[in-house]
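We're numbering straight along the sequence, starting at 1. No hydrogens, no waters, no symmetry mates; every other heavy atom, side chains included, goes into these values. In this text, all values refer to a predicted model and were calculated from it rather than measured experimentally.
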Amino acid sequence: MIANVLVMIRKRSRTVVRAALLGCGLMTPYAALAADCPNPNALGTSRTLVVDPKEHPRIGTMQYPETLPLADHEVVLTFDDGPLPKYSNQVLAILASQCVKATFFTIGSQARFNPEGVRKLIAAGHTVGTHSQNHPLTMNKMSLEKVRQEVDDGIASTVAALNGDKSKLAPFFRIPGLMRAEIPEAYLASQGIQVWSADFPADDWRHISPQRVYDLAIQRIEAKRKGILLLHDIQPRTVAALPRILNTLKERGYRIVHVVPATPDRPATPTQPQQWYLHPPTETVATTRWPRIPNFVFTATRSLPAPVLADMDWRDADILDHAQRTRVAMPVRTLWPQPQLARFASVSTLPVPASDVFRVPEALDLTLLAARSTANRRLAQRAAVGAGVPRAQAFSARQAGHPKHAAHQAPAAAHGRAHGAPLHVAPPAADNASVHVANNLKKRTPRAEAAAGKRVPD
């Protein structure tokens with residue numbers, strides 16, 4: 001009895017040990033690699049993320065709303081355009097010294113000329129995706145046939161470098177130049193291939209210094225605090241900047257995540273939908289939701305006829321026939337005024353003025369010569385008034401004798417003519433009348449002149 005109990009205890013102990021070993025075997029093998037890393041100060045790979053390409057076909061916030069479900073201070077390293085032995089081997093050595101795993105997007109033509117470089121990536125435990133066959137920067141303008149050829153040829157060349165083992169190739173694809181378009185994205189989704197963009201580049205494909213590559217990488221990682229870093233393993237500046245980038249990430253508490261595709265034997269890592277966003281909304285922030293548009297029910301499904309150019313011209317008589325054919329109410333035609341050409345009247349000519357208009361009457365000259373003094377001026381004015389000449393137009397003897405006063409009087413006379421007042425000039429008097437006026441001037445006394453000055457206003 002006691003022997004049987006001991007046997008049962010031994011069997012249970014073995015079962016527990018086997019379960020523990022099995023649990024260790026189900027653990028991510030890269031965690032064991034991190035523990036076995038020869039460099040105790042290495043950055044290492046913190047965890048492995050398993051994704052299903054069909055559930056999330058496009059990732060990378062540089063172009064898409066979703067990205068990998070990473071925690072704060074988690075970074076995924078990716079390298080494009082290889083393998084190129086001169087620089088790709090150096091990148092592999094740097095990553096191995098830090099026990100870091102990354103994702104490589106190879107070009108089919110590069111894999112065909114350097115198949116050993118592809119096999120080195122797989123042997124080092126990295127993930128290998130594809131980056132087209134010839135790296136065209138016009139996939140956003142290609143037809144479906146050309147897109148299919150670039151994608152399929154790139155996959156075939158990389159699989160050939162892996163000795164035909166397609167299971168070692170991840171269904172990940174990055175469009176060259178990140179030239180996204182609907183046709184390549186739709187085709188890749190139909191093939192179950194996940195399109196990778198990035199969350200921040202380091203611009204290492206540009207002609208910049210390694211210091212600039214390092215600065216851009218760290219600055220952009222710090223700005224978003226997590227995401228996918230885009231690099232190239234065919235650039236010497238990347239090789240020079242990569243050790244400093246990894247050391248700085250370790251100093252600032254960042255962790256490296258390795259991404260692998262899901263398989264029937266390796267299910268996807270459980271995640272929540274909000275984890276696939278770089279900055280998911282929290283439960284404490286209210287979300288504005290627009291009201292849904294109700295489904296309208298149309299009473300008739302007959303479509304209206306498309307308008308034609310003739311229907312737009314109200315002067316066209318065919319609109320009436322069109323209205324009758326479509327059984328539309330007759331439109332009321334508005335008689336708009338027609339534009340008419342302006343008629344210009346013929347230019348009217350004025351008659352030529354007669355020569356006597358500009359003739360100065362002789363009576364005016366006699367009046368000017370006869371007026372010599374104040375008394376003579378007044379008598380001359382009375383004579384002019386008696387002859388029918390207005391006082392305003394009769395010049396005195398003083399004004400005639402002094403050019404200064406005559407100059408002042410001339411504008412007044414012109415002003416009178418400007419306002420339409422005709423100039424009346426006394427007709428020429430007879431010689432006896434002139435003698436009579438002179439005799440009267442001699443017989444008048446000063447008292448009579450004063451009395452005459454009172455009767456005639458000046």
- request: Applying salt bridge (Lys or Arg N to Asp or Glu O under 4.0 Å), name anything that partners D81, two or more places apart in sequence or on another chain.
  value: none
- line: Taken in chain and number order and not counting sequence neighbours, the residues that satisfy salt bridge (Lys or Arg N to Asp or Glu O under 4.0 Å) with E145 are R148
query: Does W205 have any side chain to side chain donor-acceptor pair (under 3.5 Å) partners at least two apart in sequence or in another chain, and if so, which?
result: none
task: Identify, with sequence neighbours excluded, every residue that meets side chain to side chain contact (heavy atoms under 4.5 Å, CB included) alongside T61.
output: T67, D199, K224, L278
message: Among residues at least two apart in sequence or on other chains, which ones pass side chain to side chain donor-acceptor pair (under 3.5 Å) with R252?
response: E222
- request: Run through R212, R237, R220 and flag the one making a salt bridge (charged side-chain N to carboxylate O under 4.0 Å, His left out) with D203.
  value: R220
- prompt: Any side-chain heavy atom of D233 within less than 4.5 Å of one from L84?
  reply: no
query: In chain order, what residues pass the side chain to side chain contact (heavy atoms under 4.5 Å, CB included) check against V159, with sequence neighbours excluded?
result: I155, K166, L169
statement: In M179, M142, M139, the residue satisfying side-chain contact (heavy atoms from CB on, under 4.5 Å) with P184 is M139
query: Is there a donor in the side chain of D215 and an acceptor in the side chain of Q211, or the other way round, less than 3.5 Å apart?
result: yes
message: side-chain contact (heavy atoms from CB on, under 4.5 Å), that's the test. Do S46 and V257 meet it? Break it down for me.
response: CA-CA 6 Å; S46 63; V257 176; 4.0 Å; yes
Side chain to side chain, I256 and K101, heavy atoms closer than 4.5 Å: no
Salt bridge (Lys or Arg N to Asp or Glu O under 4.0 Å) partners for R225, two or more places apart: D72
message: Test of understanding: with side chain to side chain contact (heavy atoms under 4.5 Å, CB included), list the residues that count as partners of L137, not counting sequence neighbours.
response: H135, P176
task: Decide whether T269 and R47 meet the rule of one side-chain donor and one side-chain acceptor closer than 3.5 Å.
output: no
- prompt: Looking at CZ of R255 and OG1 of T45, how far apart are the two atoms once the value is rounded to the nearest 0.5 Å?
  reply: 12.5 Å
task: Only counting residues at least two apart or in another chain, list the ones meeting side chain to side chain donor-acceptor pair (under 3.5 Å) with S167.
output: D165
- request: List the steps, then state whether side-chain contact (heavy atoms from CB on, under 4.5 Å) holds for V51 with I59.
  value: CA-CA 11 Å; V51 299; I59 59 173; over 6 Å; no
- request: Verify, without hydrogens or angle tests, whether Q63 (side chain) and L178 (backbone) share a donor-acceptor contact under 3.5 angstrom.
  value: yes
field: Contacts of A217 that satisfy side chain to side chain contact (heavy atoms under 4.5 Å, CB included) - sequence neighbours left out
entry: A202, L229, I245
- prompt: By side chain to side chain donor-acceptor pair (under 3.5 Å), which residues pair with N41, not counting sequence neighbours?
  reply: none
message: Distance check, rounded to the nearest 0.5 Å: R174 atom CZ versus S132 atom OG?
response: 12.5 Å
query: Heavy atoms, side chains only, cut-off 4.5 Å: are W276 and T271 in contact?
result: yes
- request: Indicate yes or no: at least one non-hydrogen side-chain atom of L242 is less than 4.5 angstrom from one of V213.
  value: no
- prompt: Does some side-chain heavy atom of Q191 sit less than 4.5 Å from a side-chain heavy atom of V151?
  reply: no
Test applied, side chain to side chain donor-acceptor pair (under 3.5 Å); reference residue, N134; option that passes from Q110, Q149, E150: E150
message: I'd like to know if the side chain of S97 reaches the main chain of I94, judged simply by a donor and an acceptor atom lying under 3.5 Å from each other, with no hydrogens or angles considered.
response: yes
- prompt: Do I193 and T130 touch side chain to side chain, with heavy atoms closer than 4.5 Å?
  reply: no
query: H126 vs F104 aromatic rings, parallel, tilted or perpendicular, using cut-offs 30° and 60°?
result: perpendicular
Which residues share a salt bridge (Lys or Arg N to Asp or Glu O under 4.0 Å) with E185, sequence neighbours left out: R180
field: Gap separating the CG atom of L49 from the CG atom of L68, nearest 0.5 angstrom
entry: 6.0 Å
- prompt: Are any of the side-chain heavy atoms of T103 and I228 separated by less than 4.5 Å?
  reply: no
query: Less than 4.5 Å apart, any side-chain heavy atom of H232 and any of F79?
result: no
- request: Take L188 and V147, measure what side-chain contact (heavy atoms from CB on, under 4.5 Å) needs, and give me the verdict at the end.
  value: CA-CA 9 Å; L188 291 167; V147 168; over 6 Å; no
